[in-house]
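As structure tokens, the structure follows; a few thoughts come after it.
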Amino acid sequence: MEYYLQLIVNGLVVGGIYSLVALGFVVIYKATKVVNFAQGELVMAGAYVCFALTVQFNIPFLWAFLVTLAFSVLLGLGIERMVLRPLIGEEHISVIMVTVGMSSVLKSLVQLFWGTQIKVYPQVLPTEPVVVAGLPVAPVYIAAFVLSAALFAIFSLFFKYSRTGVAMRATAFDQQAAQSMGIGIKNIFAMSWCIACVVSAVGGVILGNINGINAHLGHLGLKVFPAVILGGLDSLLGAALGGLIIGVLENVCDGAARQLLGLGGVREVAAFIILVVILMIKPYGLFGTREIERV
Amino acid sequence: MTDILKIENLEVVYNDVVLVLKGLSLSCAEGEITALLGANGAGKSTTLKAVSGLLQAEDGEVTAGSVLYKGEPVQGVIPERIVRRGVFQVMEGRRIFEDLTVEENLRCGAFTRPRSEAARSMERVYEYFPRLRERRRQLAGYLSGGEQQMCAIGRAIMARPDLLLLDEPSLGLAPLLVEEIFEIIQRFNRDEGVTVLLVEQNARAALSVATSGYIMENGRVVMEGTARELLNNPDVQEFYLGMGHGGDKKSYRDVKHYRRRKRWLG
């Protein structure tokens with residue numbers, strides 16, 4: 001039993017990171033209707049920049065973390081300005097292909113600078129486990145979970161109450177009508193890429209603290225698809241729950257397969273099997289917007 | 001009386017090939033309601049979009065002529081800056097944000113205004129449209145068509161424009177509701193001194209609130225005058241207000257009539 005509880009706790013932590021990355025994905029999709037295939041590479045970029053700052057430049061971790069966030073804002077602005085803005089008004093498929101291309105470029109850049117070896121973050125939090133509900137849990141796990149939850153709370157409030165947040169949702173629904181209100185949609189697009197880069201970078205740094213980082217970190221981006229499709233492509237709450245559920249399910253499936261059938265590696269496919277099932281029974285996801293139809 | 005808006009010999013081309021406006025000229029007197037009437041495809045909406053800058057999003061381009069708002073040209077200015085200068089367009093078909101609540105929709109209307117003003121403006125919208133107050137926490141997508149139109153005009157009130165461009169506010173509404181909406185437009189114009197350029201198919205309703213009007217065909221103005229002159233003009237009566245002369249049916253053999261009709265309806 002404890003074995004499974006441990007799996008669930010691990011799943012929640014990994015799921016929290018999926019949720020964060022999914023949040024970035026959903027924000028972009030909501031505001032610009034772009035399906036961003038480079039989401040995982042944004043995670044990787046953030047993780048490597050923070051790694052370089054702490055290890056190669058010996059900056060204290062907290063400062064390095066803040067600088068990474070600033071870098072992510074610039075990265076978001078840069079991507080929007082140079083890659084996506086020229087494509088405004090083009091076919092959706094062209095924009096999606098550009099994000100696929102961008103993921104390759106980002107991945108190659110990271111390999112160019114830091115190689116393909118696994119890199120380990122310096123120890124930031126104590127390793128002594130804390131006992132939560134009878135289970136030993138590493139402090140870094142708790143920090144990861146709390147940080148994800150806090151970011152979610154902040155962004156939910158932002159979209160509900162701030163003027164810019166509401167304008168972003170309005171732009172997502174009808175760009176031209178938003179323009180007619182005086183909302184600068186280019187600023188809104190830039191803003192959503194910034195948010196996506198920042199939350200992804202936070203996810204990357206957390207992951208780096210837990211597992212270390214390597215050039216395959218970008219594959220995490222793929223795990224976001226089951227999470228957002230389960231939650232509903234354009235729902236923040238959906239991204240949060242979707243990420244957590246996928247994290248827990250893939251850990252538990254993996255653990256069960258290992259223990260009962262002696263199979264390894266189920267973790268990698270579990271999420272995608274779940275994805276197929278969701279698409280069959282609930283294509284809008286748990287919280288996705290259905291078309292409003294007035295009768 | 002000064003003209004807040006002056007359009008001269010405007011030509012607009014869509015997609016580099018389709019010439020929609022062919023030298024249109026009109027002007028709006030400050031503080032008045034001006035009606036712009038015409039059949040489908042005459043270029044009424046295009047005219048409004050040329051003023052508000054929304055043409056740019058549709059591959060439309062002003063190729064000749066000028067649009068002067070408060071004496072300054074607006075060509076090539078991005079839409080958000082035009083809104084900040086005091087021009088607000090209520091687009092055809094209401095275009096409300098269906099996933100947002102009524103209140104959030106209204107807040108979007110005040111996007112370019114100082115935050116301190118929002119609460120007071122919102123209160124004013126609810127005075128004009130008490131029904132919106134009841135529904136303010138509902139998703140706007142679930143409102144009835146009339147309420148959606150109220151919400152769309154409410155957003156304009158939130159923006160406190162100097163020049164309001166209204167594109168077919170009567171579209172798809174029951175006659176009584178049309179009357180109500182037009183009364184509110186008139187009140188808004190009178191209370192706030194807002195200049196209104198009103199595009200309409202419903203000529204009778206539009207001319208009942210407007211002081212002057214223009215009739216467009218095929219990208220040009222074919223007639224202009226005060227609302228009274230237009231209402232009394234026999235051609236307008238026949239082709240726009242549906243009042244035949246003496247009730248007898250016109251025949252295509254009546255060539256003179258046919259030519260006259262052709263000039264109107266292209």
Side-chain angles (χ1 to χ4, degrees), chain A residues 26-27 29-33 81 85-91 156-192 232-238 284-285 287-295, chain B residues 48-49 51-59 78-101 103-115 118 138-145 147-148 151-152 155-156 158-161 164-165 167:
Chain A
V26 167
V27 167
Y29 182 79
K30 252 178 106 78
T32 68
K33 289 281 179 290
R81 187 75 193 81
R85 192 168 297 182
L87 287 170
I88 286 181
E90 297 292 328
E91 299 276 336
S156 305
L157 293 175
F158 170 75
F159 280 108
K160 185 75 195 146
Y161 295 108
S162 83
R163 175 190 277 194
T164 315
V166 173
M168 284 177 84
R169 284 160 57 210
T171 308
F173 187 80
D174 186 336
Q175 289 181 10
Q176 203 185 20
Q179 265 186 314
S180 81
M181 314 272 116
I183 296 169
I185 56 171
K186 286 173 182 162
N187 297 340
I188 298 285
F189 289 176
M191 182 82 135
S192 50
L233 272 176
D234 51 4
S235 159
L236 290 182
L237 180 66
Y284 284 113
F287 303 101
T289 318
R290 279 152 227 256
E291 302 284 303
I292 291 180
E293 227 172 288
R294 293 189 299 126
V295 189
Chain B
L48 293 194
K49 285 176 191 158
V51 178
S52 64
L54 293 177
L55 214 52
Q56 294 159 24
E58 301 185 338
D59 238 346
I78 51 174
E80 65 230 58
R81 206 152 294 156
I82 297 179
V83 175
R84 279 176 201 278
R85 283 206 211 162
V87 180
F88 195 94
Q89 179 174 1
V90 176
M91 293 172 71
E92 185 176 359
R94 312 191 272 263
R95 301 293 281 270
I96 57 155
F97 305 118
E98 296 185 359
D99 312 338
L100 272 59
T101 64
E103 200 155 289
E104 285 167 343
N105 264 280
L106 295 177
R107 281 171 62 199
C108 284
F111 187 78
T112 55
R113 306 295 305 180
R115 284 184 174 78
Q138 279 183 28
L139 283 190
Y142 291 117
L143 298 181
S144 75
E147 288 160 346
Q148 289 189 349
C151 186
R155 287 192 305 205
M158 295 292 291
R160 312 189 65 167
L164 176 62
L165 308 170
D167 200 346

Which atoms of [X] come close to chain A, meaning under 4.5 Å heavy atom to heavy atom: side chain ones, backbone ones, both, or neither?
X	value
B:Ala152	neither
B:Arg81	neither
B:Ile78	neither
B:Arg95	both
B:Arg85	neither

Is a side-chain N or O of B:Asn105 found less than 3.5 angstrom from the main chain of B:Phe97, in a donor-acceptor match? yes
Check: B:Arg155 side chain, B:Cys108 main-chain N or O, donor-acceptor pair, under 3.5 Å: no
A cation-pi test, strictly: NZ or CZ of A:Lys160 under 6.0 Å from the centre of the six-membered ring of A:Phe158 and no more than 45 degrees from its axis. Yes or no? no
Say you draw a straight line from CD of B:Glu92 to CG of B:Leu48; how long is it, rounded to the nearest 0.5 Å? 9.5 Å
With respect to chain B, which residue among A:Ala167, A:Gly182, A:Ala172 yields the maximal number of heavy-atom pairs within a distance under 4.5 Å? A:Gly182
Would you mind telling me which of B:Arg84, B:Glu80, B:Gln89 has the largest number of heavy-atom pairs within less than 4.5 Å of chain A? B:Glu80
Quick one: which of B:Asp59, B:Leu100, B:Thr112 has the most heavy-atom pairs under 4.5 Å with chain A, could you say? B:Leu100
Take a 6.0 Å sphere around CZ of A:Arg81 and say whether it holds more than 12 heavy atoms from other residues, nucleotides or ligands. no
Do you know the tightest heavy-atom contact between A:Arg163 and B:Arg113? NH2-O, 2.6 Å
B:Pro79 side chain reached by B:Gln56 side chain, heavy atoms, under 4.5 Å: yes
Part of A:Ala178 lying under 4.5 Å from any heavy atom of chain B: both
